[in-house]
Structure formats: structure tokens, C-alpha cells
Amino acid sequence: MPQMSMIEAIRSAMDVKMGLDDDVVVYGEDVGYFGGVFRCTAGLQKKYGTNRVFDSPINECGIVGTAVGMAAYGLRPCVEIQFADYIYPAYDQIVSEAARIRYRSNKDFTCPITIRTPCGGGIFGGQTHSQSPESLFTHVSGIKTVIPSNPYDAKGLLISAIEDDDPVIFFEPKRLYNGPFDGHHDRPATNWSKHPLGDVPEGHYTVPIGKASVFSEGNDVTIVTYGTMVYVAEAAKKETGIDAEIIDLRTLSPLDVDTIVASVEKTGRCMVLHEATQTSGFGAELAAQVQERCFYHLEAPVVRVAGWDTPYPHAQEWDYFPGPARVGRELTAMMEA
Amino acid sequence: MKDLASTMIRVLNRDGEAVGPWAEGLDDDVLLQGLRNMIRVRAYDERMMTLQRQGKTSFYMKCTGEEAIAVGFRAALSKGDMNFPTYRQQGLLLSTDYPVVDMICQILSNSRDPLKGRQLPIMYSSKEHGFFTISGNLGTQFIQAVGWAMASAIKGDTKIASGWIGDGSTAANDFHAALVNASVYRPPVVLNVVNNQWAISSFRGIAGGDHATFAERALGYDIPALRVDGNDYLAVYAASKWAVERARRGFGPTFIEWVTYRVAPHSTSDDPSQYRPKEESAAWPLGDPILRLKNHLIGRELWSEERQTQAETEYNDEIRAATKEAESYGVMGSGASPKDMFDDVYKEMPRHLREQRQKLGV
Ligand SMILES: Cc1ncc(C[n+]2csc(CCOP(=O)(O)OP(=O)(O)O)c2C)c(N)n1
Ligand SMILES: [Mg+2]
């Protein structure tokens with residue numbers, strides 16, 4: 001099987017879908033001729049032409065607004081917002097429009113669009129290239145929110161997203177583009193070519209939206225997480241020796257509650273872990289779900305580990321980032337509770 | 001043609017005669033049908049106002065004085081074309097065979113409401129009739145129209161889109177997004193600004209409309225722009241036809257500023273006496289589009305006062321009967337089912353919505 005980085009897997013997903021379905025179009029800032037600042041669309045314009053893969057003006061409202069219109073016509077646009085930090089100008093088109101078209105028109109119109117956007121920190125990008133705004137989308141009815149953590153899932157989920165008849169926000173943890181980053185920024189980076197999840201089939205396959213995966217089995221505590229934090233959790237597990245079960249949500253909305261509940265009922269302890277700021281973050285929803293559904297199985301309070309509630313700082317990136325040391329400390333404390 | 005963005009295209013002169021370069025080739029049947037459709041729209045508006053006053057619906061918005069624009073533009077479109085309207089283009093739907101009973105049921109949010117009680121009254125949707133679901137968030141539809149037109153062009157289709165926006169809402173970022181995208185991709189779209197001089201209580205100057213015409217904004221994007229007397233049905237139809245043809249033949253976008261006047265209050269929740277003199281609306285600046293077309297047709301002996309009265313009675317009766325029928329399905333939300341609240345958020349209902357529906361017990 002070919003080895004792919006997450007970038008190659010994402011590109012392959014679009015390539016496969018464009019090959020199979022003439023209604024799929026791809027565009028965004030620097031996406032066409034250049035192939036995207038992270039190269040996710042490299043070569044696609046050459047292969048599919050400027051009619052189907054093109055550059056858009058620097059106007060995120062326009063990128064999503066035109067996509068909503070194209071979807072109303074019958075296309076399946078897969079657009080890129082260059083960084084999740086720049087998705088806010090498109091927020092109204094996503095929240096007030098894309099998310100509600102089906103509902104408000106009683107399915108007279110629908111909005112099968114995919115909005116890809118790199119998220120998360122760890123690249124010294126400062127406050128404008130590091131944010132994780134997923135909870136601003138999980139809070140909205142009518143859209144799905146997906147965040148893969150590896151090349152295999154990224155391709156399968158992106159194909160599912162493009163094929164989905166509802167709008168999907170597809171977050172790409174940019175620190176995972178080239179390898180499974182575990183938060184040890186001072187150690188040599190590994191890349192996907194040495195990782196089993198870098199094995200990615202060439203052709204069409206899907207990973208279902210709305211289905212979590214048990215990334216690593218364990219018995220003593222459940223870590224519910226997604227994106228980059230999956231590997232941070234894995235490192236913390238290894239370094240503390242605590243037998244944690246790591247759940248990679250893959251889709252945040254709709255949430256796979258069953259996988260979480262089954263695990264917490266088994267372990268009796270639960271940590272929710274994400275890179276985004278803590279207050280009103282997606283972890284709050286996760287903690288509430290676990291409390292509502294697993295209360296009598298819990299042996300300790302649910303613990304949230306998340307980014308501090310500050311803007312994403314530049315120089316203090318590694319004090320900010322919830323790395324393996326912090327996760328490990330919290331895990332150890334939980335086991336003593 | 002840049003001066004066409006600053007002057008005013010008009011066909012009818014003070015005596016109701018059709019003059020000038022835009023007067024050529026206008027079909028009499030189209031004009032007669034236009035008059036009838038405008039009469040129908042006004043009859044509808046009046047009836048719906050009554051319905052609101054009777055407490056049978058929560059809300060209504062009239063387009064009094066602006067009827068020529070939507071009706072005349074619609075006459076220039078073909079089946080398959082798509083409008084991205086605002087709440088003041090009921091004339092687009094009322095000029096088609098869309099069942100008026102369904103429109104009223106939407107306003108009543110009753111058991112036959114095509115939108116199942118989910119939308120504020122007047123936010124109609126009909127793909128089949130080229131009418132995109134109305135948002136309520138101002139401006140968003142303008143850029144969507146450009147996207148729809150881009151899709152048509154990508155597919156090598158000849159269908160065109162038209163975007164609609166009010167003078168006040170040209171200030172919204174979506175308006176500028178639409179212009180820059182229309183400029184870059186040159187898709188088959190007609191971008192309509194209905195300049196009725198008012199945005200609730202703010203006059204057009206608060207949207208910058210006193211320093212340049214709205215049509216002039218398009219010139220900086222190299223989009224051909226027309227500024228048209230929107231109360232002159234002949235001018236509306238001629239300009240619409242020109243812009244629609246242009247788009248259909250692949251020459252790209254056209255921007256049209258329709259100069260008109262909002263005679264009625266903004267909505268049933270508005271009291272204009274708080275912000276503009278009564279005499280202003282009573283004077284009908286730019287005239288009554290129905291009267292102007294009627295006088296033109298009578299002058300040409302294609303129409304008469306009797307036929308006018310007949311048509312008014314005919315449409316009043318039609319709308320009255322339709323209203324009665326619609327009311328038999330319930331008024332003001334009665335008949336809308338709480339069950340319908342949870343459907344169609346997604347194509348398939350996710351678990352959390354199923355659970356919430358069970359909690360409500362429906
Ligand atoms: C984004 C947004 N802001 C404000 C409003 C409230 N609002 C509804 S209509 C209106 C005035 C719009 O004026 P204009 O665009 O000129 O259209 P008209 O009502 O005159 O047809 C306002 C401010 C809204 N619906 N959406
Ligand atoms: Mg206005």
C-alpha cells in the first residue's frame with residue numbers, strides 16, 4: 001500500500017472524488033495554480049482544469065457564499081479556508097446559511113459543501129495561525145464537524161465529507177500534516193512514512209462520519225480526545241505507564257456517544273483533552289455527556305485538559321500547548337483521586 | 001456606457017408615452033401581463049396586511065410602489081433561472097404559477113405551510129419556481145447568486161442567476177464579496193439593487209448612497225451598470241431583458257440599480273411617522289408603477305378603466321378565496337406540528353436530535 005503524508009492523503013481524497021464526480025469543484029486562496037500554502041491541492045488544477053480547481057479572491061465570506069450558491073445549483077464544492085484563524089469572515093455564511101438551508105427550505109434546497117481548513121498550533125504561528133475554533137461549529141445545528149488525526153482517516157473522512165449531503169467543516173490539524181506529533185517539540189520529528197496509519201489506499205474508500213475509534217486500548221482511564229492531542233495522549237500514556245484508553249473522536253458532531261460511554265463504563269475515569277481553549281470548549285460538552293450517561297460508573301470527577309483561556313501566544317507556545325508533561329501530571333493526579 | 005450608471009434609464013415620458021432607445025421592441029402582451037401581475041401583487045399585499053391586523057399572522061412586509069421591479073424582471077427570465085431574493089420580491093413568485101394558497105399557508109405557518117412552520121412569514125422558498133429560500137440575514141444571498149451563476153458557467157449551462165439586495169444592505173460585506181467575485185469570474189448573473197430610498201428608518205445616505213449612485217459602485221469592478229427608473233414598467237422590462245440576454249449569451253454580469261420608493265412602512269412592526277414626513281410617501285415619488293403602466297396602455301387603447309376595475313376585482317376575489325382556503329388549514333401557527341421541528345436539520349436525524357424529540361414527547 002502507498003505511504004502518504006496527511007497532505008498527500010487529503011489531496012488524494014480530492015483527486016479521487018474529482019475523478020469520480022464532475023460536480024466536485026475545489027477552490028480557495030492560492031489553491032489553484034500554486035496548489036495551496038500547505039500543498040494540499042498541488043497538481044489538481046493541472047489535472048482537472050481551471051474550471052474545477054481555481055484561486056479565489058481573499059474573501060472568506062465569498063468563498064463560502066459562492067459555495068452555498070453552487071450547492072444550490074447542484075455542485076459539491078470542497079473549499080479551503082487557508083487557516084482556521086481566517087474562517088470568521090465566513091462564519092455568517094456557515095452559521096446562518098449553509099447550516100440552515102435544508103431546514104428552512106424544508107429540503108427544497110440543500111447544501112452539500114465541504115470546508116477544509118488547517119487548525120491547531122505547534123508551528124510557531126502565533127495567534128493567527130494556531131487556533132482551534134471547533135466548538136464554534138459544534139455549537140451550530142445543521143453542520144457536521146470532522147477532525148482526523150492521521151492520513152488514513154483524513155482521506156476516508158474527506159471522501160465521506162464530500163459525499164455527505166450536509167455541510168461539513170473539515171479541520172486539518174496542521175501539526176499532523178507531516179507526521180504524528182506527540183508534543184515533544186524538542187525531539188526529532190517522525191513522519192508518516194514510518195507509521196501504520198500512513199498506509200493509505202490509492203483509490204476510493206470511506207471512513208464514516210460520526211464514528212469514533214479506539215486509538216489505544218486500556219483499562220484504567222479513558223482519554224477522550226481528537227486531532228493532535230491523540231499523539232500527546234499516547235506519549236503521556238507511555239511516559240506515565242498509566243493504562244489509558246485513548247479515544248480518537250474523528251467526528252465531533254454528530255458525536256459518537258456510544259464509544260465514549262462503553263469505554264468510561266469500563267475504566268471508571270475520564271479525561272477530556274483538547275488543544276482549544278478550555279472555557280465553553282468542546283470538552284465541556286464531552287464532560288457533560290460523560291456525567292449524564294456514566295455518572296454511576298465514575299470513580300473520580302471528569303477532568304478537562306485544554307489550552308489556557310488566552311489568545312494563542314507566540315513565544316510562549318510550549319507553555320500554552322497542553323503537552324505530554326501536563327497531560328501526564330493530570331493523569332497521575334486523576335489516578336490518585 | 002458608463003454614464004448609464006449615473007443617469008436614469010426611463011421609457012415612459014410625462015404623458016405616458018414610450019420614448020427613447022429603450023422603448024424599442026417591447027411586446028404588448030408582456031406589458032398587459034405585467035400590469036395584471038402588478039395588480040395581483042398589490043391585491044395580495046393588501047389582503048396579507050388585513051390578515052396580520054386580524055391577528056392571523058405575526059408579521060408581513062409589503063412592496064407597495066416597487067411592484068414593477070420584481071414583476072418586470074421576472075418576465076425577462078426563463079424557466080430554470082434562479083433568483084436569490086430578499087423579502088420584498090414577492091412579485092417574483094406571484095408572477096409565476098406558484099400556488100398563492102401555498103404562499104398564504106407559509107404566512108400562516110399552518111398545517112399546509114410548505115416550510116412546516118420553520119420560517120418567519122414571507123420567507124418563501126421554491127426551487128421549481130426559481131426562488132431561493134429567503135434568509136432574513138441581510139445580504140447573504142447576493143454572493144450566493146454569484147456562486148450559483150459560477151456553477152452554471154462551470155457546467156456550460158445557459159441558465160442564469162439573479163441576486164437581489166436593498167439599498168441599505170449594499171453596505172453589507174456580502175455585497176462587496178459579490179461584486180469582486182462577479183468581477184473576477186464574470187459569471188452569468190444579474191445583480192439587482194432595489195434602491196427604495198429607505199432601510200427601515202435610515203435613508204440611502206447612511207449606506208453611502210449620496211456620494212455615488214449605487215450603480216456607480218459596479219464600475220470600479222468593471223461590471224456594466226444600469227440605473228433604471230424602477231417605477232417605469234417599460235424601462236424595467238427593457239433593462240431586465242438586456243441584462244438577462246447578456247448573461248445568457250456568456251457576456252457576464254450586469255449590475256442594475258432600480259430607483260424606486262418604499263411607499264409602505266418597512267414591515268408590520270414599523271411606524272414610519274417616527275422618521276419621515278407623511279407627505280413624502282403620500283406624494284409617491286416616481287409615481288405609482290401600476291398607474292403609470294395603466295395610463296400608457298390606455299393611451300395606446302390596449303386597456304381601459306373598465307378593464308382595470310375588472311382586473312382589480314378579479315384579483316381581489318382570487319386572493320380572498322385563496323386566503324379563505326389557506327385559513328382552513330389553520331392560522332398563526334395552529335396546525336404546524338412540533339414533530340416537524342426536529343426533521344431536516346440533517347438529511348438523517350442524528351442521535352442527539354432523536355433523544356431531544358423523545359424528551360419533548362413527539
Ligand atoms: C445582517 C442583518 N442586519 C440587520 C437586519 C435587520 N434589518 C432587517 S431589514 C433592514 C433594513 C434593510 O433595508 P434595505 O436593504 O434598504 O431593504 P428594504 O427593507 O428597503 O427593502 C434591517 C436593518 C437583518 N435582517 N440582517
Ligand atoms: Mg431600502
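What's counted below: heavy atoms across the whole structure, side chains too, no hydrogens, waters or symmetry copies.
In this structure, chain A has no heavy atom under 4.5 Å from any part of B/Asp113. Heavy atoms closer than 4.5 Å to chain B are found in the backbone of A/Val140, but not in its side chain. For chain B, the nearby part of A/Asp55 is the backbone; its heavy atoms alone come within less than 4.5 Å. Proximity to chain A is absent for every atom of B/Pro187, based on heavy atoms less than 4.5 angstrom apart. Of the two parts of B/Tyr185, only the side chain, counted from C-beta on, holds a non-hydrogen atom closer than 4.5 Å to a non-hydrogen atom of chain A. Residue contact with chain B, scored on non-hydrogen atoms closer than 4.5 Å, is absent for A/Val64. Looking at A/Asp164, neither its backbone nor its side chain comes within 4.5 Å of chain B, counting heavy atoms on both sides. Neither the backbone nor the side chain of B/Met349 comes within contact range of chain A; no heavy atoms are under 4.5 Å apart. For B/Gln106, no part lies near chain A; criterion is any non-hydrogen pair under 4.5 Å. Proximity to chain A is limited to the backbone of B/Ile134, based on heavy atoms less than 4.5 angstrom apart. In this structure, no portion of A/Leu255 lies under 4.5 Å from any heavy atom of chain B.
Side chains of B/Gln119 and A/Asn106: no donor on one and acceptor on the other come within 3.5 Å.
Looking at every heavy atom in both residues, A/Gly142 comes nearest to B/Tyr346 through N-OH, 3.2 Å. When all heavy atoms of A/Ala72 and B/Phe132 are compared, the closest pair comes out as CB-CE1, 3.7 Å. Between A/Asp166 and B/Val345, the closest heavy-atom pair is OD1-O, 4.5 Å.
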Next on the checklist: Please evaluate residues A/Gln93 and B/Asp174 with respect to the criterion side chain to side chain contact (heavy atoms under 4.5 Å, CB included), reporting the C-alpha separation (whole Å), side-chain torsions for both, the decisive distance (0.1 Å), and the verdict.
Outcome noted: CA-CA 9 Å; A/Gln93 283 288 346; B/Asp174 307 74; 3.0 Å; yes
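Here the side chains of A/Ser105 and B/Phe131 are not in contact, with every heavy-atom distance at 4.5 Å or above. You'll find the side chain of A/Arg104 stays beyond 4.5 Å of the side chain of B/Met123, heavy atoms only. For the pair B/Ile154/A/Phe54, a side-chain contact is recorded, criterion being any heavy-atom separation below 4.5 Å from C-beta on. With a 4.5 Å cut-off on side-chain heavy atoms, A/Val25 and B/Met150 do not count as touching. Taking 4.5 Å as the limit, every side-chain heavy atom of A/Thr110 sits out of range of all side-chain heavy atoms of B/Lys347. At a threshold of 4.5 Å between non-hydrogen side-chain atoms, the residues A/Asp108 and B/Thr133 do not count as touching. In this structure, the side chains of A/Val257 and B/His352 stay at 4.5 Å or more apart for every pair of heavy atoms. When side chains are defined from C-beta on, A/Tyr73 does not count as touching B/Met82, because their heavy atoms never get closer than 4.5 Å.
The stretch residues 155-169 of chain B places B/Lys155, B/Asp157 near chain A, each with some heavy atom under 4.5 Å from a heavy atom of that chain.
When B/Ser152, B/Pro350, B/Ala149, B/Gly136 are compared by the number of non-hydrogen pairs under 4.5 Å with chain A, B/Ser152 comes out ahead. Contacts with chain A were tallied for B/Leu115, B/Asp340, B/Thr140; B/Thr140 has the most, counting heavy-atom pairs under 4.5 Å. Among B/Ile143, B/Asn173, B/Asn137, B/Val184, the residue making the largest number of heavy-atom pairs under 4.5 Å with chain A is B/Ile143. Contact tally against chain A (heavy-atom pairs below 4.5 Å) for B/Asn181, B/Val180, B/Asp344: the top residue is B/Asp344. Between chain A and the residues B/Arg351, B/His176, B/Lys116, B/Glu348, the most heavy-atom pairs under 4.5 angstrom are made by B/Arg351.
Around atom CG of A/Leu20, more than 12 heavy atoms belonging to other residues, nucleotides or ligands sit under 6.0 Å away. The neighbour count for A/Tyr205 OH, taken as heavy atoms of other residues, nucleotides or ligands under 6.0 Å away, is above 12.
Side-chain atoms of A/Tyr103 come within 3.5 Å of backbone N or O of B/Met341 as a donor-acceptor pair.
Counting only residues at least two apart or on different chains, the side chain to side chain donor-acceptor pair (under 3.5 Å) pairs with a member in residues 59-71 of chain A are A/Tyr27-A/Thr66.
Atom NZ of A/Lys107 is separated from atom NZ of B/Lys127 by 13.0 Å, given to the nearest 0.5 angstrom.
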